[in-house]
Amino acid sequence: MWSNLPFELLANIFSYLSPDSLARAKSACKSWHTCANNSPSWATLPWRQYPPWFLALPTRNHGHFICARNPINDSWHLLPLDFIPNPIRPIAAVNGLILLRETTTTSLQLAICNPFTRQFRHLPKLNVTRTNPAVGVISLDSANFQVYVAGGMSEASSVGGGASYEPSLEVYDSVHENWKTIGSMPMEFAVRLTVWTPNESVYCNGILYWITSARAYTVMGFEIRNKNWRELGVPMADRLEFAALVERNGKLCLVGGTSDAGACIWQLEESNNWRMIEKVPQELWAKLFGGKGRWGSINTRCVCIGGTMCLYRDLGSGMLVWRECVENGTKWEWHWIEGCGTIKGVHLQNFPIKGLLLHPYLASSNFLLNE
């Protein structure tokens, strides 16, 4: 009976499987593998209602792999990245894929990969060669995206001039597959985006935001439609030991705190004022530090997607998860998740990580096949 099911009916059945169950189904036979890979409505399948996976990628040279946590059965998996030709650093998740930058060159060279299907592709070179610019990502729909690159240091002139800050912004569109220079910015913003801004951006209500990494913290925003730049202040800007921007329920939020006073979450209102909406439970905040004090708070990071927000430090330490619980009237609740010390009996050393939240995309991506 199973071998005679129509393609459309089988695809509908597959749509109710969680990612790990679907991966096992794909390995059953060629027919099921083809059916799962070619489901036309993949991005809107019901299994995307499951919590996202947490991907921990080393930020230093600790190996070419990813540690991925499956939230359904609370298990960690090791995903080798031996299909990627050069050492990389992660930047952001987009549509189930990961935006990367190569570390073999000082100038920015971007790439995209899917660690679950082991697909990889370089993006074209930028119009302007840049070192250490700010990078932002916007998901246009379930399949298409844009990458914005702002600031950075340009190459030294061939006629004897030195390198200089690049006060321009260019964008890559996955539909047209090319880079286009779209505007300029104040030189002050170019300097701050180059020196004090990490490659972590948030897109919310038509504006792409970055936060500076040097206290006192400030937020810089680029309005996509009218190409204007704006600047926002930050609550407790000169006292926060860490600060991060996230998008939650269509609102821009700031997560920040200190080792002794704890952490809070502020939401940006229409009046451009910040309103505190949540305080991290003190006992969980202390557990995250593990007695490491102020330097532990500096290494704290935050990532959010949909109804899940994670505060983390490194691979071995646990994570604080603030997530939406529909069964409790769509209230948000705090949970503690243990860190990763072993995977299938293999002990892993603790190391700094870049955390990403995404829903595994198990179908072959046409975009990654087009290089």
Problem set entry | Residue list, salt bridge (Lys or Arg N to Asp or Glu O under 4.0 Å) with D238, at least two apart or on another chain | none
Problem set entry | Contacts of E338 that satisfy salt bridge (Lys or Arg N to Asp or Glu O under 4.0 Å) - sequence neighbours left out | none
For this session: Report yes if some heavy atom in the side chain of C253 is under 4.5 Å from a heavy atom in the side chain of I277; otherwise report no.
Result: yes
For this session: Quick one: pull up OG in S75 and NZ in K344 and give me the separation to the nearest 0.5 Å.
Result: 8.5 Å
Problem set entry | Qualifying ring-ring contact (aromatic ring centres under 6.0 Å, His included) pairs, either residue in residues 181-209, two or more places apart | F189-W229
Seminar exercise, completed: Contacts satisfying ring-ring contact (aromatic ring centres under 6.0 Å, His included) that involve residues 70-96 (not counting sequence neighbours) are W53-H77
Problem set entry | Side-chain H-bond candidate by donor/acceptor type, S168 with E166, under 3.5 Å | yes
Problem set entry | Residue pair E278 / W332, side-chain heavy-atom distance below 4.5 Å | no
Problem set entry | Residue pairs, two or more places apart or on separate chains, that pass salt bridge (Lys or Arg N to Asp or Glu O under 4.0 Å) and touch residues 122-143 | R130-E170
Exercise. Would you say the side chain of Y312 lies within less than 4.5 Å of the side chain of I337, judging by non-hydrogen atoms?
Worked result: no
Exercise. Distance only, no hydrogens: is a donor on one side chain within 3.5 Å (strictly under) of an acceptor on the other, for T194 and N132?
Worked result: no
For this session: Kindly state each residue pair satisfying ring-ring contact (aromatic ring centres under 6.0 Å, His included) with at least one member in residues 240-285, sequence neighbours excluded.
Result: F242-W285, W285-F289
Exercise. Which residue pairs pass the salt bridge (Lys or Arg N to Asp or Glu O under 4.0 Å) test when at least one of the two sits in residues 87-114, sequence neighbours left out?
Worked result: none
Seminar exercise, completed: Minimal heavy-atom distance between V255 and C302, with the atoms involved, is CG2-SG, 3.9 Å
Problem set entry | Counterpart residues, side chain to side chain contact (heavy atoms under 4.5 Å, CB included), relative to A93 (two or more places apart) | L356, L358
For this session: Scan for salt bridge (Lys or Arg N to Asp or Glu O under 4.0 Å) pairs involving residues 64-78, sequence neighbours excluded, and state none if there are none.
Result: R69-D74
For this session: Apply side-chain contact (heavy atoms from CB on, under 4.5 Å) to I182 and K227, showing your working.
Result: CA-CA 8 Å; I182 61 171; K227 298 180 174 59; 3.9 Å; yes
Exercise. Considering residues at least two apart in sequence or located in another chain, which fulfil the side chain to side chain contact (heavy atoms under 4.5 Å, CB included) criterion with A237?
Worked result: A216, V234
Seminar exercise, completed: Those residues at least two apart in sequence (or on a different chain) that pass salt bridge (Lys or Arg N to Asp or Glu O under 4.0 Å) with R239 are none
Seminar exercise, completed: Residue set satisfying salt bridge (Lys or Arg N to Asp or Glu O under 4.0 Å) with E247, at least two apart, ordered chain then number -> none
Exercise. Heavy atoms, side chains only, cut-off 4.5 Å: are N86 and Q109 in contact?
Worked result: no
Exercise. If you draw a 6.0 Å radius around CD in E283, do more than 12 non-hydrogen atoms from other residues or ligands fall strictly inside?
Worked result: yes
For this session: Search all heavy atoms of L288 against all heavy atoms of G318 and return the closest pair with its distance.
Result: CD1-O, 3.3 Å
